[in-house]
Amino acid sequence: MDPTLPRGTDNAVERMLRALAELLFPPRDGGGGGAHGALPPLLVGLTFVSGLVDAVGFVGFDRVFVANMTGNVALLGFALAGDRQLSAAASLMALAAFAAGAATAGRMRRDRPAARLFGPLVAVQAVLVAGALAVSSAGAGPLPSVGLLALAMGVQNAVVHRLALPDLTTTVVTRTLTGLAADRWGPAARRRLVSLGALFCGALSGGLLTLRHGPWAALALTIALLAGIALAGGAAGVPTDGPDGGSAGPVNGRRDG
């Protein structure tokens, strides 16, 4: 039970999240409320966050992605080719910071189920985004904020990689769209469609907030969402079908065989 929540609230949050999880992983799909617990809807929330922060990075800062590293590699190539509207320094900063965040989070407590680290690492992510908001508000220029946001997204992607829930990567759109188009309709296609919709809505919301109010508005919303996801993850606990109360899925982002 999460001591930061009123008595009974944690159970209500868990029931709601597990009900939403069953929509994404119905029992006949080998999921249900047990195999992945309450994590699926929380990962959809993180997908929305990915769209938000990429909107801030591209529209509000230095035309750079802080979550979508595939796009950053392409932008770096364009910048080096001579596109003066793009910043090679910003792309390199984002790539390096993202890798640093992923490496750090990926090596934390590898002896514990990844689901048990979900809430604490999302809380760390919220702190990093708050740091980006602070340095941006202080007029420090875009590069420090880009670095902090990319660092935060590296943390997010590392924990999502270790959880390895099918079709809920929170950032990878190309593979998700390929699966949606190439495979038959079913629970997996529904998860992919929800993931694409969450990323699009996050990007749209972030773009509107950034263009109309500035990056601070989108970052403030991001911090609030991450804090809520971290608290919800703590209130809902972790999947309980695996050994020792851990996830029934892979612990370190790998599947045996």
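Just so it is clear, the values below take in all heavy atoms, side chains as well, and ignore hydrogens, waters and symmetry mates. Numbering of residues begins at 1 and proceeds along the displayed sequence. Computed from a predicted model, the values in this text were never measured in an experiment.
Considering only heavy atoms from C-beta on, S50 comes within 4.5 Å of M153 through its side chain. Contact check for F25 versus L39: no side-chain heavy atoms found under the 4.5 Å cut-off. Contact of the L117 side chain with the R162 side chain is registered, since non-hydrogen atoms from C-beta on lie closer than 4.5 Å. Residues D183 and R192 are in side-chain contact: their nearest non-hydrogen atoms beyond the backbone lie under 4.5 Å apart. S87 is not listed as a side-chain neighbour of V64, based on a closest heavy-atom distance of 4.5 Å or more. Between S137 and L133 there is a side-chain heavy-atom pair separated by less than 4.5 Å. Contact annotation: the side chain of V173 approaches that of L196 to within less than 4.5 Å [non-hydrogen atoms, C-beta and beyond].
A donor-acceptor pair under 3.5 Å is absent between the side-chain atoms of T47 and the main chain of L199, judged by distance alone. Formation of a donor-acceptor pair under 3.5 Å by the D83 side chain with backbone atoms of F78 is not found in this model. A donor-acceptor pair is defined here as one N or O able to donate and one able to accept, closer than 3.5 Å; such a pair exists between the side chain of D54 and the backbone of N68. R190 places a side-chain N or O within 3.5 Å of a backbone atom of L23 that can act as its donor or acceptor partner.
How far CD of Q125 is from CG of L149: 9.5 Å, rounded to the nearest 0.5 Å. The distance from the OG1 atom of T176 to the CZ atom of R191 is 11.0 Å, given to the nearest 0.5 Å. For the atom pair S195 OG and D167 CG, the distance stands at 8.0 Å (nearest 0.5 Å). Atoms OG1 and CG, from T210 and L52 in turn, are 8.0 Å apart once rounded to the nearest 0.5 Å. If you take CG on L121 and CG on L226, they are separated by 12.0 Å, rounding to the nearest 0.5 Å. In this structure, L221 CG and L209 CG are separated by 6.0 Å, a value rounded to the nearest 0.5 Å.
Sorted by first and then second residue, the ring-ring contact (aromatic ring centres under 6.0 Å, His included) pairs with a member in residues 41-62 read F58-F65; sequence neighbours excluded.
When the options V160, V49, L42, L165 are evaluated for a side chain to side chain contact (heavy atoms under 4.5 Å, CB included) with T170, the one that passes is V160.
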